[in-house]
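Accompanying notes for the structure given below.
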Amino acid sequence: MSVLLDDIINHKEQANYTTGGSMTKAPSKPYSHKAYRWNRENYSRQRRYIDIWSFVLLWLTWLWVDKKDWSYRGGVTEEKRNLRRRKQAIWVRETMLELGPTFIKLGQLFSTRADLFPSEYVEELSKLQDKVPAFNYEQVEVIIQEDLGKKVEELYPSFDPVPLAAASLGQVHRAQLHSGEDVVVKVQRPGLKKLFQIDLAILKGIARYFQNHPKWGRGRDWLGIYDECCRILWLEIDYLNEGRNADTFRRNFRNCNWVKVPRVYWRYSAPQVLTLEYVPGIKISNYEALEASGQDRKALAKMGAEAYLQQLLNDGFFHADPHPGNIAVSPEGGLIFYDFGMMGQIKSNLREKLMQTLYGVAAKDAERVIISLIDLGALKPTGDMGPVRRSIQYMLDNFMDKPFEAQSITAISDDLYEVAYDQPFRFPATFTFVMRAFSTLEGVGKGLDPEFNFMEVAQPFAMQLMSDGNSQNTIFNELGRQAAQVSSTALGLPRRIEDAIDKLEQGDIRVRVRATETDRLVRRVGSVQMGTNYALLISGFTLSATILYVNNQVALALVLLLLVVVMGFAFIRLLKRIDRLDKIDKMM
């Protein structure tokens, strides 16, 4: 009975919703009046536009205020900044949950983009779960009949109207085929494609806004990020694609009797309906149930890591969302994988480039790591790579201090993301999915076995990869590679010199020299000019306010006086800045 524990719990939770769709029990979290407004049948495009842009503009306003020292009561400190950023991240996560499926998935994707968002946002968005109400059984019947061409009772002699689980993209019902086989039927949420079309059209405008923003758009390809998110979202709501992924995943593990993947019943599947083999199990993070059923938790922790490493290093086709809800334990002590909507793929050329990065890390060669990351598209070359090179070298020096098996994948990820944020790193989706999956599996492994070490399990796989029969890292191959590289550089040197001369003649090469004293003098002159403008505006507004007051236009006079006060504060701050520059000049 313990193997059915999770299903029974889920079933009882979903029983709080009636088959007619109205909730008999309020959600555990009190949501605002806007919560789940996207789920209404008469929800308008205009209303959606207002809701989404309101969220974005409010977020940007909050970020702008956060940069102002005067917005902190009692003075600004790093602790206060971190606390406010944490509150912002929680608000963003809760608002994305209220905005519905598109933003739930978008938040989950953004939780992998530590190169775009601070660690507080990454941490909070990674907690984003699909806690949305189930839709009613009448809608399920309509979708199944439209997609499969037959009524529910014709296809399934037994069909439970109460879902086992409900998520943002769909919900799962238990059923039985005429052959007597137990199955689960995954049904897509009604109106999801229309909602995606509306949301993605609005998000494209937001991406353009960020791309053209003088601060947020600098060095970031927001339109490219938008295209990548679109591709992932549309693939995830194509249940036929999910079925093909499940079949591929099962074939890859056909020789592993300790990995189970539900079989797809293609006769009962379509783009919005997916019928799968019913394979119950205990959720891998339900440690009490695993203990009660006599499962070997240490063995499970090791199997989870080995299964993922095989996907990544041997198959090149991996589960991109291996959170505990998608992995269960069978009665025989094996692993069951669910939900194959989001998968990652590593192509052979990408693996070779990753190997170059690995060689650079092993040699503690920051320059080689930078070149390989640029080839991978994970790093955008800039005019001055010095800060990036120093950051990578610092990380390599600290990373290599401990033996490989003593490392923590979570700590490495945190250090990497800390280095990457606000630097020209552009992590590909595949890389961020892998790092998040590693961190998740390490956390689950620690929960199963406090002594579990992911890197210790990974060591044999890494050694095998480094010493593969076709590998390029033998001493002779490595020397040959370096010799070929030197030869190529030497042969190409005349051409590179000629290209440099041509660019110099055409005016394409620019030399920029920075002098600290000159920069400071220019800033002072600019500040003085700005001060003059402030003084003229204050004088003009004061005079205008006086004239309006004399002519009994008190309201307009008060507005002008308010502007005078605001500009007065700005003028005083500007004078302090000029005074500070003068003191620096005297010190120099």
Practice prompt. Taking the six-membered ring for Trp and the full ring for Phe, Tyr or His, determine whether the centres of Y308 and H319 are under 6.0 Å apart.
Written response: no
Discussion item. Can you tell me how far apart CD1 (I284) and CD1 (I327) are? Round to the nearest 0.5 Å.
Written reply: 5.5 Å
Practice prompt. Would you check, one step at a time, whether the test salt bridge (Lys or Arg N to Asp or Glu O under 4.0 Å) holds for R84 with E120?
Written response: CA-CA 10 Å; R84 182 180 288 186; E120 291 85 357; over 6 Å; no
Fill in: ring pair (Phe, Tyr, Trp, His ring centres under 6.0 Å) partners for F337, two or more places apart
F249
Discussion item. Which label fits W222 and F210: parallel for a plane angle under 30°, tilted from 30 to 60°, or perpendicular past 60°?
Written reply: tilted
Discussion item. Between K446 (side chain only) and F452 (backbone N and O only), is there a donor and an acceptor less than 3.5 Å apart?
Written reply: yes
Discussion item. Under a plain distance cut-off of 3.5 Å, with no hydrogens placed, do Y278 and Q176 share a side-chain donor-acceptor pair?
Written reply: no
Worksheet entry | Flag if over 12 foreign heavy atoms under 6.0 Å of NZ, K80 | yes
Worksheet item: For I50, what residues pass the side-chain contact (heavy atoms from CB on, under 4.5 Å) criterion, not counting sequence neighbours?
Response: R47, S54
Worksheet entry | L192 side chain reached by P101 side chain, heavy atoms, under 4.5 Å | yes
Worksheet item: Which heavy atom in V187 sits nearest to a heavy atom in F135, and how many Å separate them?
Response: O-CZ, 3.7 Å
Item to complete: Would you check if K193 and I237 make a side-chain contact, meaning some heavy-atom pair closer than 4.5 Å?
Response: yes
Discussion item. Any heavy-atom pair between the side chains of C256 and Q310 that's under 4.5 Å?
Written reply: yes
Worksheet item: Among side-chain atoms of Y72 and D66, is any donor-acceptor pair under 3.5 angstrom?
Response: yes
Worksheet item: side-chain contact (heavy atoms from CB on, under 4.5 Å) with E242: which of E236, M343, K186?
Response: K186
Discussion item. Using the ring pair (Phe, Tyr, Trp, His ring centres under 6.0 Å) criterion, which residues pair with W59? Sequence neighbours excluded.
Written reply: F55, Y121
Worksheet item: Do the rings of W64 and W70 sit parallel, tilted or perpendicular, given the 30° and 60° boundaries?
Response: perpendicular
Worksheet item: Residues in side chain to side chain donor-acceptor pair (under 3.5 Å) with E141, at least two apart?
Response: none
Practice prompt. Applying ring pair (Phe, Tyr, Trp, His ring centres under 6.0 Å), name anything that partners F196, two or more places apart in sequence or on another chain.
Written response: W234
Discussion item. Among V183, V261, V185, V264, exactly one meets side-chain contact (heavy atoms from CB on, under 4.5 Å) together with L276. Which residue is that?
Written reply: V264
Practice prompt. Not counting sequence neighbours, which residues clear side chain to side chain donor-acceptor pair (under 3.5 Å) with E146? List them please.
Written response: none
Discussion item. Parallel, tilted or perpendicular: which one describes the rings of H213 and Y209, with boundaries at 30° and 60°?
Written reply: perpendicular
